[in-house]
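Single-structure report; data block below.
Model, not experiment: these values are computed from the prediction. Counting starts at 1 for both ligands and their atoms, in listed order.
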Amino acid sequence: MTIWMLDETHDPQTESWVSSANRVSCDFALQNLPYGVAAAGDAAKPVIVVAIGDQALNLSACAQEGLLDRLFGADARSILCRDDLNALMARSPAEWRALRLWLHRALRAGSEMQSSIEGFLLPIESLEMRIPARIGDYTDFYCSVEHATNVGRLFRPDNPLLPNFKSLPVGYHGRASSIVVSNSPVRRPNGQIRVDGDIVFAPSRMLDYELELGAFIGGGKNDTGVHPLPEARERLFGVCLVNDWSARDIQAWEYQPLGPFLSKSFATTISPWVVTMDALAPFRVAARERLADDPALLDYLADKDEAGGGALNVDLTVHLQSAAMRKKGEAPLTVTRANAAGLYWTFAQMITHHMSNGCPVLPGDLIASGTISGETPGSQGCLLELTRRGAEPLDLGNGESRSFLQDGDEIVLEGRCEREGFRAIGFGECRGAVLPASDWS
Ligand code: CA
């Protein structure tokens with residue numbers, strides 16, 4: 001049985017009694033139901049919430065009231081009355097699907113449950129969103145062949161793509177401690193950089209964003225070291241947007257021979273809503289086709305289901321608003337439009353490869369895709385590519401230009417899934433603005 005099945009929760013005709021969810025442009029339609037963690041008001045303890053239109057259902061309160069006992073028995077409160085999604089992530093795909101069905105039936109128009117849960121709705125705009133899970137480990141991959149080629153070409157014009165790229169999903173171990181949620185300011189890092197041949201310690205002059213998707217791991221603990229793709233697929237809980245802020249000048253000096261380090265670990269911003277794999281089921285598409293002269297996939301990274309539906313058709317955009325634009329009330333400029341379906345590796349392949357040496361991955365771990373770039377102009381997922389390492393600055397259309405980010409610049413990532421015959425769903429926002437570097441002098 002494929003775990004990407006469609007059921008009544010994907011029916012595009014069904015509407016919600018929360019009327020804002022029924023607007024065509026709404027990210028959080030009844031067919032989405034993403035999870036988050038939020039505090040309502042200063043003193044409130046954070047709770048688990050589910051987005052529906054411009055409202056959020058307090059799922060912790062529903063569980064406290066005993067409404068989820070039928071699904072989870074005595075465990076309902078320990079899973080849902082808490083300030084992270086880890087315990088829910090640790091359950092099985094069958095239980096995730098049962099909870100989604102319960103939410104769908106509770107929130108759809110005409111539900112007999114409306115009167116018992118409408119008191120648990122909170123306006124999203126009144127919420128302070130938090131990191132949705134306690135992220136034990138964060139691994140960032142490098143799965144876009146366009147990104148890898150574009151970046152490689154800047155440094156190795158004759159040989160842009162390294163020989164391992166098409167044999168395995170290349171990744172590195174990121175820092176979970178510096179992951180922040182959307183709307184958190186990001187301070188420009190200080191670091192060791194090369195300026196005119198001298199090595200100095202100074203604020204980064206080449207601060208960049210990276211457009212990525214992140215997948216939260218679910219399920220139990222792997223302890224056998226043998227996890228074929230079907231198990232990896234079942235351990236995918238849901239997806240969020242990721243901005244992997246990068247200081248290119250720090251990176252250029254430090255990255256050899258062990259890869260990026262302080263150029264990445266100062267901040268990574270994630271969107272607060274976790275869009276579940278069940279919500280994404282209609283938007284699964286065939287994994288990117290491998291070319292005739294690509295190396296053959298090793299068996300542990302290949303099966304029919306992954307080839308047929310391992311990729312996610314998510315339209316992604318990056319918007320930039322400078323401090324001057326904000327001051328004048330000018331709208332942000334869209335600087336990147338890309339789609340996640342073109343990634344060379346799928347999330348299940350990344351997880352399979354990650355676990356293939358016996359490395360435990362745990363509920364709440366975050367796996368990011370790497371910068372998502374396409375082939376066409378304007379589809380590059382970071383400024384390093386868009387401006388060819390600053391050589392071709394980006395015209396912001398208001399007299400300003402950017403080689404890299406300046407203080408006060410705000411970056412907003414958005415993601416949306418659309419398919420004929422289905423309700424569109426979205427990811428909300430992943431937003432962060434750049435603060436000046438700390439003064440070390
Ligand atoms: Ca990255």
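In this structure, a donor-acceptor pair under 3.5 Å is absent between the side chains of T276 and D278.
Per residue E212, closest N, O or S atom to the Ca ion (ligand 1): atom name OE2. Sorting the N, O or S atoms of D140 by how far they are from the Ca ion (ligand 1) puts OD2 first.
Geometry at the Ca ion (ligand 1): OD2/D244 and OE1/E210 form an angle of 80°, nearest 10 degrees.
L207 contributes atom CG, which lies 5.0 Å from atom CZ of F266 (distance to the nearest 0.5 angstrom).
Test E306, R233, R288 against T346 for side chain to side chain donor-acceptor pair (under 3.5 Å) and you get one pass: E306.
Counting only distance, with no hydrogens or angles, the side chain of D365 and the backbone of L362 share a donor-acceptor pair below 3.5 Å.
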